[in-house]
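Worksheet: one structure, shown below.
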Amino acid sequence: MQPDHLTHRGSTPFSFELIHTDRQTGARAGILHTAHGDVPTPVYCPVGTQATVKSLDPRDLAELDTPMILGNTYHLYLRPGADLVERMGGLHAFMGWHRPILTDSGGYQVFSLRDLRQVDDDGVTFRSHIDGSTHRFTPESVVRIQEQLGSDIAMVLDECAEPEDHAYNREALRRTHLWAERCLQAHQRPDQALFGIVQGGIHADLRAQSAAHLASLGFPGYAIGGLSVGESKADMHRILRVLNPIMPAAKPRYLMGVGSPEDIVQCVALGVDMFDCVLATRLARNGAVFTPEGRVNLRNAQFREDPRPIQADCDCYTCRSFSRAYLRHLIIAQEILAARLNTIHNLAFMLRLARDVRQAILEDRFSAFHDTFLATYQTADAHARRANRDAFRASRNTDA
RNA sequence: GGGCAGGUACCCAAGCGGCCAAAGGGGACUGACUGUAAAUCAGUUGGCUACGCCUUCGGAGGUUCGAAUCCUUCCCUGCCCA
């Protein structure tokens, strides 16, 4: 369907081409060559956990020029089942998306579904969030499931931990390293890349140790997991600063589960090449949209009769066609179109941001881009927060 | 004209002597959301010179230490009978 994205490369279809490093910041621009086509980096990947980017279809994603999306091992294993997806021709064919797919291993569910699972050195046992049935995940089974799904990039099973507790993170790290080796051993599919995942919470010593150990195993790409799970931005940035100089420069760095628009800009400056995040799509479904001036909650009464599009200079279908007043109406009326139109805009915003960032890097002007973007975006954000805080205080004063 | 059932906050609706500024919905308003158990979740929703006071349960009057709750009367709504 997209011949331009089908660049097969024999038995080693995956590679990372580092094209340019920004002179001032060290931010990187490159290309991921995958079995289903090339992905320019830095890249932001929309999340399609259950073989769909919620509320959109592949045509929408193609129109947005989405380079790559995520799927999820845990969720697709439970429903509809990896065997079924395999019989249906693999995840790409099953969901009608023929560009690259990255699958998460279920490591995040170790964190998000922590009340429903038990971890031991050999793997993780989940009680299904759907029907309560018991399911065992091991490094080998997780690799096998992802091979059945046929994603272009698969992830090792890892233990995404609460970021604070040093002792627990050391244990989780030990297991994650054990599992990384076993995943590598088990992995067979030559048209699929398997990435390792650096863990270690907010602890620089553990992170350094993890990065070194995984590098010694020789993965084609490295993810940074266990961030943006409750720790402060300062901690997240500190850890990225620790990792930036010690992660293999020739391999892609994937910051899992991040982030917001400002996260993308800030973390690219700290050497990250790949991102994925549910934030854009989830916020969209809950009525919040991105603008260059910051996040806007379209439910707010101030937009009731606002004839403007979300963002005047945005070329997405939503901004070309609809007013804030209409979008607000759809949200308030709980119409499904609201989710779709808002999602289209938020993804357009994120994907454009990644493209703009990349262009700025290629032209050695990323530093200025970074400063300008954050000054505009964070100022608006700060204004909004201050206004909210004042309103909150005022309401407290009135109540008390 | 007679009989019956009703009139409670923005709407619907519980309460039927004190624990009632008044349950529960809805609506409205606000916030949160970062490898998706999320088209979800949380808070606010009479006023004020606020650890207390003022106004409010159709209107007016009364009983009572105390009334949304009991009594009288008037107004209004619905149904039934003339």
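Hydrogens, waters and symmetry mates play no part in the numbers below; they use all other heavy atoms, side chains included. Every chain is numbered from 1, with letters handed out A, B, ... down the list of sequences.
- Contacts of A/Gln302 with the nucleic acid, taken as non-hydrogen atoms under 4.0 Å apart, are absent.
- Spacing between atom CZ of A/Phe303 and atom P of B/A28 amounts to 17 Å, rounded to whole angstrom units.
- Look at the C1' atom in both B/G61 and B/A14: the space between them is 28 Å, to the nearest Å.
- Residue A/Phe111 contributes atom CZ, which lies 14 Å from atom P of B/C33 at whole-angstrom precision.
- The nearest whole Å value for the distance from the OH atom in A/Tyr74 to the P atom in B/A37 is 8 Å.
- Counting atom types as modelled, A/Asn72 pairs no side-chain N or O with a base atom of B/G35 as donor and acceptor under 3.5 Å.
- Using a 4.0 Å cut-off between charged side-chain N and carboxylate O, A/Asp60 and A/Arg340 make a salt bridge.
- With both ends at atom P, the span from B/G15 to B/A60 equals 25 Å, rounded to whole Å.
- Residue A/Gln109 contributes atom CD, which lies 14 Å from atom C1' of B/U34 at whole-angstrom precision.
- Within the 4.0 angstrom heavy-atom criterion, base atoms lie near A/Leu116.
- The salt bridge (Lys or Arg N to Asp or Glu O under 4.0 Å) search around A/Arg28 returns A/Asp273, not counting sequence neighbours.
- A/Ile197 comes within 4.0 angstrom of a base, heavy atoms only.
- Residue A/Asn297 places its side chain closer to B/G31 than to any other of B/G35, B/U36, B/G31.
- Nucleotides B/C70 and B/G24 have their C1' atoms positioned 27 Å apart, rounded to a whole Å.
- For the P atoms, the distance linking B/G47 with B/A23 amounts to 15 Å, nearest Å.
- The base of B/G35 sits within donor-acceptor range of the side chain of A/Asp104, with an N or O pair under 3.5 Å.
- Note on A/Cys45: nothing from the nucleic acid sits closer than 4.0 angstrom, heavy atoms only.
- Taking A/Asn297 as the reference, A/Arg299, A/Asn300 meet the side-chain contact (heavy atoms from CB on, under 4.5 Å) condition, with sequence neighbours excluded.
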Show each protein N/O and nucleotides 38-40 of chain B N/O combination with a separation under 3.5 Å, one pair to a line.
unit_1: B/A38; atom_1: O2'; unit_2: A/Arg285; atom_2: NH1; d: 3.1
unit_1: B/A38; atom_1: N7; unit_2: A/Arg282; atom_2: NH1; d: 3.3
unit_1: B/A38; atom_1: N7; unit_2: A/Arg282; atom_2: NH2; d: 3.0
unit_1: B/A39; atom_1: OP2; unit_2: A/Arg285; atom_2: NH1; d: 2.4
unit_1: B/U40; atom_1: O4; unit_2: A/Asn286; atom_2: OD1; d: 3.4

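- Shown are A/Arg189, A/Arg87, A/Glu86; of these, the side-chain hydrogen bond (donor to acceptor under 3.5 Å, both in side chains) with A/Gln148 is made only by A/Glu86.
- Looking at A/Ser112, its side chain has no donor and acceptor atom pair within 3.5 Å of the base of B/U36.
- Distance check on atom P: B/U30 versus B/U36 gives 31 Å, rounded to whole Å.
- The side chain of A/Cys160 lies closest to B/G35, out of B/G35, B/C29, B/U34.
- Contact check, A/Ser228 against B/U34: no side-chain N or O comes under 4.0 Å of OP1 or OP2.
- When the ring-ring contact (aromatic ring centres under 6.0 Å, His included) test is applied to A/Tyr317, the partners found at least two apart in sequence or on another chain are A/Phe322.
- Between A/Leu227 atom CG and B/G35 atom P the separation is 12 Å, expressed in whole Å.
- Distance noted for atom C1' between B/C10 and B/G27: 8 Å (whole Å).
- The gap from the C1' atom of B/C74 to that of B/G25 amounts to 34 Å, rounded to the nearest Å.
- Residue-level contact check: A/Gly226 touches the bases, meaning some heavy atom is under 4.0 Å from a base atom.
- Nucleic acid contact for A/Leu283: base, since at least one base atom lies under 4.0 Å from a heavy atom of the residue.
- Between A/Arg79 and A/Asp131 no salt bridge is recorded (no basic side-chain N to carboxylate O distance below 4.0 Å).
- Contacts of A/His166 classified as ring-ring contact (aromatic ring centres under 6.0 Å, His included), with partners at least two apart in sequence or in another chain: A/His203.
- At the heavy-atom level, A/Asn300 lies under 4.0 Å from the strands shown only through sugar-phosphate atoms.
- Rounded to the nearest Å, the gap between the C1' atom of B/C19 and that of B/A28 is 31 Å.
- Residue A/Ser55 is classed as having no contact, given no heavy-atom separation below 4.0 Å to the nucleic acid.
- Whole-Å rounding puts the A/Asp235 CG to B/U34 P distance at 17 Å.
- Between the side chains of A/His187 and A/Gln146, not a single donor N or O lies within less than 3.5 Å of an accepting N or O.
- Atom pair A/Leu279:CG and B/U36:C1' shows a separation of 11 Å (rounding to whole Å applied).
- A/Arg117 pairs by the side-chain hydrogen bond (donor to acceptor under 3.5 Å, both in side chains) definition with nothing, not counting sequence neighbours.
- No side-chain N or O of A/Asn72 forms a donor-acceptor pair with one of A/Tyr77 less than 3.5 Å apart.
- Among the nucleotides B/U34, B/A37, B/C29, the one closest to any side-chain atom of A/Val278 is B/U34.
- Atoms CD1 (A/Ile331) and P (B/C29) sit 12 Å apart, rounded to a whole Å.
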